[in-house]
Amino acid sequence: MNHSLPVPDVLRSALAGLLDGLPPSQATGAVDRLIGHYRGVVPTHAPVLRDRSDVAAYAAYRMPATFEAVRSALDAFRDASRSWTPATHTDIGGGTGSASWAVAEAWEDADTPVATTVLDWAEPALAVGRELAEASGLPGLRTARWERARIGSALTLERADLVTVSYVLNELTPDDRRTLIDTAAAAATGAVVIVEPGTPDGYARIIEARDRLIAAGLRVAAPCPHSAACPIEPGTDWCHFSARVSRSSLHRQIKGGSLAYEDEKFSYVAATRFTPEPAPARIVRRPQIRKGQVLLDLCTAEEQLRRETVSKRHGTLYRAARDAEWGDPWPPHSAQSPS
């Protein structure tokens with residue numbers, strides 16, 4: 001595969017090869033069953049992905065969106081961690097490797113590829129993950145280890161610089177979820193990044209994880225500008241972000257949609273063992289552009305939510321505000337905050 005292509009394009013090409021020859025009706029049926037599961041709230045006690053056709057449908061349905069969500073979380077984390085680069089990475093419940101693709105891209109220019117281990121209890125998912133990784137041409141993926149492990153309270157982990165847990169917590173019982181977070185924190189020598197769906201329930205799981213990571217001695221690097229309590233009053237709102245996902249014609253066929261893109265809503269927390277440099281503030285809602293002004297809803301280092309109005313009189317900052325996106329740090333490094 002052409003390694004010079006952007007990683008999202010490489011992923012789409014690999015998925016197209018994976019689904020080649022799979023009857024559309026079979027893929028659609030598997031997707032419908034998977035949608036029913038992932039919209040549920042009852043933790044599963046058996047692997048959801050039963051065979052190769054299930055895994056192929058899952059990969060087409062979820063990998064591009066999960067990749068973009070984790071990619072966005074890692075972008076914010078890297079802004080706060082500056083030059084830090086992990087040498088080792090463990091992807092808990094990684095399935096076909098969406099988060100590992102995002103990690104491989106994030107540190108693609110490192111002198112040595114990140115050594116990744118993907119843990120999952122569904123052997124068909126691991127097998128397809130290996131296949132996709134081999135097709136990627138990315139050194140960090142092609143050398144990854146894919147190991148079967150039951151994800152829950154009995155999981156034991158080797159030490160790793162970076163531990164990722166993406167779209168996994170919903171599948172665990174509350175006790176297993178708490179134990180897994182504590183295990184991830186204990187194993188991480190550098191950082192833990194956890195990503196969940198951008199729903200009220202997903203946010204609640206992220207807040208629980210955030211609290212446990214802080215209790216374990218880690219510091220929040222992103223998205224929060226601080227490691228104090230979240231200023232959102234429980235039950236009134238939830239913190240989440242959005243990632244734009246480009247879809248191939250094959251992906252649109254499987255998903256049953258007609259648009260060339262979709263927006264994946266997600267919540268996340270990235271916490272570190274070292275001292276991060278979090279953003280002074282984070283844009284937590286889509287900016288509202290008005291005539292001559294931009295309204296920004298911010299979570300700030302002062303441990304509060306605040307709306308800031310940036311008008312034309314702020315010059316460079318106003319132009320930056322017009323280009324700002326939901327989830328971005330504020331102000332940008334090149335601008336000054338309005339008085």
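What you see is a predicted model, and the numbers here were worked out from it, not measured in a lab.
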key: Taking every non-hydrogen atom, the tightest pair across Leu119 and Ile151   = O-CD1, 4.0 Å

request  = Using modelled atom types only, decide if a donor and an acceptor are shared between the side chain of Thr236 and the backbone of Glu233 within a distance under 3.5 Å.
outcome  = yes

remark   = Between Leu317 and Pro331, the two heavy atoms sitting closest are CD1-CB, 4.0 Å

request  = Answer yes or no: is there a side-chain heavy-atom contact under 4.5 Å between Asp9 and Pro6?
outcome  = yes

ask   = So, does Arg282 use its side chain to make a donor-acceptor pair with the main chain of Ala279 at under 3.5 Å?
value = no

query = Just by distance, do the side chain of Arg159 and the backbone of Ala186 share a donor-acceptor pair under 3.5 Å?
reply = yes

key: For Glu68 against Ala243, the heavy-atom pair lying closest together   = O-CB, 3.8 Å

key: Short N-O contact, Glu325 and Arg244, less than 4.0 angstrom   = no

ask   = Does the ring of Tyr318 carry Arg313 above it, NZ/CZ under 6.0 angstrom from centre and within 45° of its axis?
value = no

inquiry  = Does any part of the side chain of Arg148, heavy atoms only, come nearer than 4.5 Å to the side chain of Asp120, both counted from C-beta?
reply    = no

request  = Can you establish whether the number of heavy atoms outside Arg78 located under 6.0 Å from its atom CZ is more than 12?
outcome  = yes

ask   = Do we see a donor-acceptor contact under 3.5 Å between the side chains of Thr275 and Arg219?
value = yes

query = Looking only at atom types and distance, does a side-chain atom of Thr88 sit under 3.5 Å from a main-chain N or O of Asp161, one as donor and one as acceptor?
reply = yes

ask   = Given the rule that I, L, V, M, F, W and Y join up when any side-chain heavy atoms are under 4.5 Å apart, are Leu295 and Leu298 in one cluster?
value = no

task = Please work out which of the three classes, parallel, tilted or perpendicular, describes the rings of Trp326 and Phe241, given edges at 30° and 60°.
result = tilted

key: Full working for side chain to side chain contact (heavy atoms under 4.5 Å, CB included) between Asp297 and Ile283   = CA-CA 6 Å; Asp297 290 310; Ile283 301 173; 6.0 Å; no

inquiry  = For a quick test of reading the model, state the closest non-hydrogen atom pair linking Ser267 to His240 and the distance between them.
reply    = OG-CB, 3.5 Å

Side chain to side chain contact (heavy atoms under 4.5 Å, CB included) between Trp330 and Glu308, worked out = CA-CA 10 Å; Trp330 187 260; Glu308 189 166 289; 2.9 Å; yes

query = Would you call Asp176 and Arg150 a salt bridge, using N to O less than 4.0 angstrom?
reply = no

task = Could you work out the complete set of other residues in the hydrophobic cluster of Trp238, with links drawn between I, L, V, M, F, W and Y side chains under 4.5 Å apart?
result = Tyr203, Ile207, Ile232, Leu305

remark   = Rounding to 0.5 Å, atoms CG (Leu162) and OG1 (Thr272) come to a distance of 11.5 Å

task = Could you tell me which non-hydrogen atom of Ala184 sits nearest to which non-hydrogen atom of Ile92, and how far apart they are?
result = CB-CD1, 4.1 Å

ask   = Are any non-hydrogen side-chain atoms of His226 and Pro278 less than 4.5 angstrom apart?
value = no

query = Between the side chains of Gln288 and Arg286, does any donor sit under 3.5 Å from an acceptor?
reply = no

note = Connected to Leu126, directly or through other members, by ILVMFWY side-chain contacts below 4.5 Å are Val118, Trp146

remark   = d(Glu105 CD, Glu108 CD) to nearest 0.5 Å is 7.0 Å

ask   = With a 4.5 Å heavy-atom cut-off, do Ser246 and Arg12 have their side chains touching?
value = yes

message = Assess the residue pair Leu180 and Leu155 against the criterion (side chain to side chain contact (heavy atoms under 4.5 Å, CB included)); give the C-alpha distance rounded to whole Å, side-chain angles, the decisive distance to 0.1 Å, and a yes or no.
response = CA-CA 7 Å; Leu180 179 66; Leu155 181 68; 3.5 Å; yes

message = Using side-chain heavy atoms (C-beta onward) and a distance below 4.5 Å, is Val245 in contact with Tyr261?
response = no

ask   = Looking at OG1 of Thr199 and CZ of Phe266, how far apart are the two atoms once the value is rounded to the nearest 0.5 Å?
value = 13.0 Å

remark   = Taking every heavy atom of Leu141 against every heavy atom of Ala104, the minimum-distance pair comes out as CG-CB, 3.9 Å

Close side-chain approach of Ser98 to Arg62, heavy-atom, < 4.5 Å = no

key: Nearest-0.5 Å distance, CZ of residue Arg212 to CG of residue Leu218   = 13.0 Å

key: Residue of the set Thr116, Thr90, Thr117 for which side-chain hydrogen bond (donor to acceptor under 3.5 Å, both in side chains) holds with Arg145   = Thr117

remark   = Paired with Arg205, the side chain to side chain contact (heavy atoms under 4.5 Å, CB included) test is passed by just one of Leu169, Val269, Val168, namely Leu169

task = Enter the distance from Leu74:CG to Thr164:OG1 here, rounded to the nearest 0.5 Å.
result = 8.0 Å

query = When rounded to the nearest 0.5 angstrom, what is the spacing between CG in Asp182 and OG in Ser153?
reply = 11.5 Å

key: Mutual orientation of the aromatic rings belonging to Trp84 and Phe274 [parallel < 30°, tilted 30-60°, perpendicular > 60°]   = tilted

inquiry  = Between Arg273 and Thr189, is there a side-chain heavy-atom distance shorter than 4.5 Å?
reply    = no

query = Where do Ser242 and Glu264 land on the side chain to side chain contact (heavy atoms under 4.5 Å, CB included) test, with the steps shown first?
reply = CA-CA 5 Å; Ser242 179; Glu264 172 72 6; over 6 Å; no

message = So Glu131 and Glu134, do their side chains get closer than 4.5 Å, heavy atoms only?
response = no

ask   = Between Arg130 and Glu123, does at least one N-O distance fall below 4.0 Å, as a salt bridge requires?
value = yes

